[in-house]
Amino acid sequence: MPHLALYTFGVLKSPLADPTPLTNEFYDIGAAVYQKISQHPGYLGRAEAAAGDRGMFFGADWGAWGEFAVPTWYDKGRTVETTALATTLSLWTDLRPAFEAVYTGLHREALNRRYDWFERPEHPSYVSWWVSDGVIPTWQDGVSKLEHLHDHGSAPHAFTFHRSFAPDGTPARVKDIGPKCDQVH
């Protein structure tokens with residue numbers, strides 16, 4: 001049975017290593033959000049670096065999730081001191097559990113404050129796609145899918161919650177799924 005891969009990417013207003021209260025607040029709520037999401041029904045796992053230093057993405061060991069990659073439009077730092085991004089790569093049993101984890105509870109509260117921490121994007125901030133059972137999506141998969149979504153809009157191999165597809169490629173209409181603002185323009 002296929003599983004849903006979900007890649008998120010955002011550019012922060014300041015580097016993760018910035019000691020300001022706002023950056024620390026983002027990091028603290030992020031840890032709580034990850035904890036809650038990992039307990040959500042339908043959650044299968046997420047990419048985690050073997051050594052989890054704050055702001056360490058580039059050069060970290062991500063195991064089966066592959067070498068870390070970012071979209072071509074990311075133009076900020078790549079060192080622990082200068083990295084200004086937040087990104088996730090996760091695996092879910094289906095579309096509905098992923099949607100509910102993202103748009104309810106503590107993660108919803110964090111989303112409501114995203115512009116306190118993140119630059120307003122000119123690109124999509126997330127993408128979903130189906131993978132075969134037993135397949136672990138890679139960071140490069142996520143980047144490729146997000147860039148494709150930006151360039152071409154939702155398609156069976158790269159889509160949003162609002163314009164989603166079933167594993168067989170047919171449009172998936174899940175009642176009340178996705179905010180209107182997640183459409184790609």
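Because the structure is a prediction, the values reported are computed rather than measured.
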Taking atom [atom1] of [X] and atom [atom2] of [Y], what is their separation to the nearest 0.5 Å?
| X | Y | atom1 | atom2 | answer |
| --- | --- | --- | --- | --- |
| Ile37 | Glu100 | CD1 | CD | 12.5 Å |
| Thr160 | Leu6 | OG1 | CG | 11.0 Å |
| Arg120 | Lys13 | CZ | NZ | 7.5 Å |

| field | Within one Ile-Leu-Val-Met-Phe-Trp-Tyr cluster: Leu44 and Tyr7, side-chain cutoff 4.5 Å | value | yes
If you take all heavy atoms of [X] and [Y], which pair is closest and at what distance?
| X | Y | value |
| --- | --- | --- |
| Pro137 | Trp65 | O-CE3, 3.2 Å |
| Pro15 | Thr23 | O-CG2, 3.6 Å |
| Ala64 | Ile136 | O-CG2, 3.8 Å |

| query | In terms of ring plane angle, is the pair Phe161 and Phe99 parallel, tilted or perpendicular, where the classes change at 30° and 60°? | reply |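 It falls in the perpendicular class, over 60°.
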| field | Ring geometry between Trp62 and Phe57 (parallel below 30°, tilted from 30 to 60°, perpendicular above 60°) | value |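 Rings of Phe57 and Trp62: parallel, under 30°.
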| query | Can a salt bridge be assigned to the pair Lys76 and Glu119 using a cut-off of 4.0 Å between side-chain N and carboxylate O? | reply | yes
| field | Heavy atoms from other residues, nucleotides or ligands near CD of Glu122 exceed 12 (cutoff 6.0 Å) | value | no
| request: Begin with the C-alpha distance, continue with both residues' side-chain angles, and end with the deciding distance and a verdict on ring-ring contact (aromatic ring centres under 6.0 Å, His included) for Phe159 and Trp129. | output: CA-CA 6 Å; Phe159 53 88; Trp129 69 99; 8.7 Å; no
| field | Check: Thr138/Asp141 side-chain N/O donor and acceptor closer than 3.5 Å | value |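 Asp141 and Thr138 do have a side-chain donor-acceptor pair below 3.5 Å.
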